[in-house]
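What follows is a single structure, written as structure tokens, with notes after it.
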2 protein chains.
Amino acid sequence: MALRHAVLAALLDGELSGYQLAKAFDVGVANFWYAQPQQLYAELTRLQQQGLVAGREVVQESRPNKRLFHVTDAGLAELEDFTAASARPVFVRDDLMVKVQAADSVDTATLIDQLTERAEIARARIELFEALLRRLRGDRSEEDFLRHGDRIGPYLTCLRGIAFEQENRDWCLRTVAVLEERRHTRARN
Amino acid sequence: MALRHAVLAALLDGELSGYQLAKAFDVGVANFWYAQPQQLYAELTRLQQQGLVAGREVVQESRPNKRLFHVTDAGLAELEDFTAASARPVFVRDDLMVKVQAADSVDTATLIDQLTERAEIARARIELFEALLRRLRGDRSEEDFLRHGDRIGPYLTCLRGIAFEQENRDWCLRTVAVLEERRHTRARN
DNA sequence: GTTACCATGTAAAGAGTTACATGATTTG
DNA sequence: CAAATCATGTAACTCTTTACATGGTAAC
């Protein structure tokens, strides 16, 4: 059960409604996990039943009412246990990689398009993440912030998000370059 | 359905038994996907029923008999379709990131251990992947191989595997450094 | 007026993990 | 004699995705 803990970790930053949480997870600005709104609403309900989060109804006039959730002491204890338990390494698991693996046997035209598009998406995310980093550290330098800041978890995970997307972008562009050169070479022969 | 295509792509390199396939997926040497043996046996059966792969029984004396599978023309066509369809971007989704996100609120001792261990695993995988790259390109230079080699798909995915693991390792080590320094700083105050 | 945003869900299907099962051979 | 390798699966469970569903307000 990983989503549970991702939700708990996300709620450490303060009270959030399901909708706000969904936005954070959706943009990937949460950058350490991704989940869809439906999952989050369901998970919040479960977590509340188990007493790991508590919600309070906020009545709004010009908008639908919402429930704001925060982590309870039991939730914190659960996170503590989770952190102490060991985690297995992860793999990339990307459809694009499967396609590239098969690149020698299939038409590469659309593949090149997809890689280019993916590089662009990665670029956009890097920008987004970098803006988030700046916001998190305020006017401090990164080094200073990481040494003395109160809440560095999100900053550290965001650093990884950026590194991942950079690697992503660079690999896509490199692969496009290789595939395109081969197309031209073949065309000439 | 993603595993289907990963299996098809993996079988492009030649006939494999379920067991051999499982080893490739397990080590992650397939490096573009990961799956467990049970999944693979089930998937091979399904693929065979759908005519996307064909198997032949190989009778062995000192070992149990095995079934060697290869991709059929229908399988190739399926891969072609899959490649043409668009793929959604991926996220990292790593328990370790969830833990780091919560690092300000939980005990970091075991977390530091886990990050260190993960860095070591990443280092080992990088070595493994680099050996695989050397084997794939033979005595050619990377540039030459990527320009004129017959089968570059696995090479390109392996490049990404390495980049991913490097990023992984570096982030873990950086995070450990940050967390450790904060422990010491706090201890002093 | 149409699109985007706020706000919350249910239901079903698909994918992946974990646990359980078996049994022979080879290597140390 | 124990551990690793070869070889193949089933069953139950959890997690994720996709599709469906509703309804008001704000902005262009």
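Lettering follows sequence order; numbering is per chain, from 1. Note that these values count all heavy atoms, side chains included, but never hydrogens, waters or copies made by symmetry.
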Looking at the side chain of [X], which of [options] is the nearest nucleotide?
X: A:Tyr19; options: C:dT17, C:dT10, C:dT8; answer: C:dT8
X: B:Gln39; options: C:dT17, C:dA19, D:dA7; answer: C:dT17
X: B:Ser17; options: D:dT8, C:dT17, D:dG24; answer: D:dT8
X: B:Gln36; options: D:dT17, C:dG16, C:dT18; answer: C:dT18

Practice task
Could you check whether B:Gln20 gets within reach of a base, just the sugar-phosphate, or nothing at all, counting any heavy atom under 4.0 Å?
Solution key: nothing
Practice task
Looking at every strand, decide which applies to A:Arg88 at a 4.0 Å heavy-atom threshold: base, sugar-phosphate, or nothing.
Solution key: sugar-phosphate
Tell me whether the side-chain N/O atoms of [X] come closer than 4.0 Å to OP1 or OP2 in [N].
X: A:Lys23; N: C:dC6; result: yes
X: A:Gln38; N: D:dT16; result: no
X: B:Gln60; N: D:dC6; result: no
X: A:Ser62; N: D:dG24; result: no

Take the protein atom [atom1] of [X] and the nucleotide atom [atom2] of [N], then report the distance between them rounded to whole Å.
X: A:Phe25; N: D:dT16; atom1: CZ; atom2: P; result: 10 Å
X: B:Leu3; N: D:dT17; atom1: CG; atom2: C1'; result: 16 Å
X: A:Glu43; N: D:dT16; atom1: CD; atom2: P; result: 8 Å
X: B:Leu16; N: D:dT8; atom1: CG; atom2: C1'; result: 16 Å
X: A:Asp26; N: C:dA7; atom1: CG; atom2: C1'; result: 15 Å
X: B:Arg46; N: C:dG14; atom1: CZ; atom2: P; result: 11 Å
X: B:Asn65; N: D:dA7; atom1: CG; atom2: P; result: 9 Å
X: A:Lys66; N: D:dT22; atom1: NZ; atom2: P; result: 25 Å

Fill in the blank from the handout: By nearest-nucleotide position on DNA chain D, the 5'-leaning member of A:Ala2 and B:Leu68 is B:Leu68
Practice task
Nearest-nucleotide wise, let me know which of A:Pro37 and A:Arg93 is further upstream toward the 5' end of DNA chain C.
Solution key: A:Pro37
Ignoring hydrogens and angles, tell me if any N or O in the side chain of [X] forms a donor-acceptor pair with the backbone of [Y] under 3.5 Å.
X: A:Glu78; Y: A:Leu52; value: no
X: A:Glu180; Y: A:Ala177; value: no
X: B:Asn168; Y: B:Ala122; value: no

Exercise for the section: May I have the step-by-step check of side-chain contact (heavy atoms from CB on, under 4.5 Å) for B:Asp94 and B:Val98, ending in yes or no? Expected result: CA-CA 7 Å; B:Asp94 185 345; B:Val98 177; over 6 Å; no
Problem - N-O pairing of B:Glu165 and B:Arg169 below 4.0 Å - result: no
